[in-house]
Enquirer: 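If you scroll down you'll find the structure; I have some questions about it.
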Amino acid sequence: MIVRILGDGQFDVAEADRAGLHALEEALDAAVEGDDEEVFAAALAAAVAEVRRVGTELPADSFTASDRVLPFDDATLAETKELLAGPGGDER
Amino acid sequence: MGVMKRMSGILQAKTNKLLDKAEDPRESLDLSYQKLLENLQKVRRSVADVTTAKKRIELQATQLQGQADKLQQQAKDALAQNREDLAREALARRAALAPQLAELQTQHQQVAAQEQKLIATAQNLQTQVDAFRTKKETMKATYTAAEAQTKIGEAVSGISESMGDAGMSVQRAQDKIDAMQARAGAMDELLASGALTDLTNPVDDIQTQLDQVSSSNTVDTELAALKAELGTAAPAQLGTAEPAPSPTESGEASA
């Protein structure tokens, strides 16, 4: 599974590591539904760290589309919500 | 749908828009390449903007630090001439500069981090431009229009996604620079007015007292430190000491 971190790059996350990431993804989803910037920042930091830890960074010239995309590693909750409300982001 | 999947949808939506413009998928290769070049130029302009903003902050910090140093010297001079009131005033104003300097430092860190990220983005895009220039010609020569649909679609999706990423990075940097410029403008006015630092200017008495309340602890500590440095043990002994002429021009302080 290819995961992009906005403003950073793309990482290939192996099948075996997907479960761990999935749990963090769910925590991130819950944080976005919530209203707490600190909870969101912690959930985002954990997901970003996990992707960087288990993923293999793709070279810049790989021209591959990603399966998952993480916000900028220092994105705020407000910023992320705004992005998700934009074009292409409203389909749930 | 999860956040990460939705974010991917946002970038894909940008891809689709780009692909829709080309009738032959092979045309989308040239279109993508063109967009990639434009993107690279945008990111480079943005890097230049961030660097300019960083230099402006550095300049302001240097000015402020210079004024803080000047006030420190004025306090020293004033104390040497037994004008504790003036020394106190100078130290109070110096203390008032500290939060401004701290704010500039924070801004500088933010803008430097922003600059590093954009430089990395520009480097990645440059790598993609170089690689895609060759790859698109190979693909055009290899695939017929019918075959090209999938293969080229994949490559263009990938390219388009990183352009979407770069575009968002640039927009984000620009937003931050705009906010910073507004604050920098206010700081320039403050520096130009000299309100914070010019000891010869009579200042609003109430404001001075307010400032002193907030910074009195710092001032007392620094006053004690200065006294120790000058070897003036107690205020009572000041009168008996030889009146030492100030080694520097300190007309403002002695006036």
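First the proteins, then the strands, lettered A, B, ... as listed; each starts at 1. Heavy atoms only: backbone and side chains are in, while hydrogens, waters and symmetry mates are out.
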Enquirer: How about L70(A) and M7(B): do any of their side-chain heavy atoms sit closer than 4.5 Å?
Expert: no
Enquirer: If you count heavy-atom pairs under 4.5 Å between each of A166(B), G2(B), S8(B), A120(B) and chain A, which one has the most?
Expert: S8(B)
Enquirer: So do the side chains of M4(B) and D67(A) get within less than 4.5 Å of each other, counting heavy atoms only?
Expert: no
Enquirer: Using a 6.0 Å cut-off, check whether atom CD of E82(A) has over 12 heavy atoms from anything other than its own residue.
Expert: no
Enquirer: What do you reckon, is NZ of K42(B) surrounded by more than 12 foreign heavy atoms closer than 6.0 Å?
Expert: no
Enquirer: Using side-chain heavy atoms (C-beta onward) and a distance below 4.5 Å, is K117(B) in contact with F72(A)?
Expert: no
Enquirer: Considering only heavy atoms, which portion of L44(A) lies under 4.5 Å from any heavy atom of chain B: side chain, backbone, both, or neither?
Expert: neither
Enquirer: Which residues in residues 73-81 of chain A have a heavy atom less than 4.5 Å from any heavy atom of chain B?
Expert: D73(A), D74(A), A75(A), E79(A)
Enquirer: Tell me if a side-chain donor or acceptor on N124(B) pairs with a main-chain N or O of A60(A) at a distance below 3.5 Å.
Expert: no
Enquirer: Would you compute the distance between atom CG of D165(B) and atom CG of L6(A) and round it to the nearest 0.5 angstrom?
Expert: 4.5 Å
Enquirer: Would you mind telling me which of G7(A), S66(A), A47(A), P71(A) has the largest number of heavy-atom pairs within less than 4.5 Å of chain B?
Expert: S66(A)
Enquirer: Less than 4.5 Å to any heavy atom of chain B: does that hold for the side chain of P59(A), its backbone, both, or neither?
Expert: neither
Enquirer: I need the full list of salt bridge (charged side-chain N to carboxylate O under 4.0 Å, His left out) pairs touching residues 37-50 of chain A, with sequence neighbours left out, sorted by first then second residue.
Expert: E50(A)-R53(A)
Enquirer: Given the rule in the side-chain contact (heavy atoms from CB on, under 4.5 Å) test, do V3(B) and V69(A) qualify, once you have shown the distances and angles that lead to the verdict?
Expert: CA-CA 8 Å; V3(B) 168; V69(A) 176; over 6 Å; no
Enquirer: Rounded to the nearest 0.5 Å, what separation is found between the OG atom of S169(B) and the CG atom of D8(A)?
Expert: 9.5 Å
Enquirer: State which residues pass ring pair (Phe, Tyr, Trp, His ring centres under 6.0 Å) with F40(A); sequence neighbours excluded, sorted by chain then number.
Expert: none
Enquirer: Could you pull out the closest heavy-atom pair between F63(A) and Q128(B), with the gap in Å?
Expert: CZ-O, 3.8 Å
Enquirer: Just list the side-chain donor-acceptor pairs under 3.5 Å for residues 14-28 of chain A, sequence neighbours left out, or say none.
Expert:
unit_1: H22(A); atom_1: NE2; unit_2: E26(A); atom_2: OE2; d: 3.2
unit_1: E25(A); atom_1: OE2; unit_2: R68(A); atom_2: NE; d: 3.2

Enquirer: Chain B heavy atoms under 4.5 Å from T64(A): which part of the residue, side chain, backbone, both or neither?
Expert: backbone
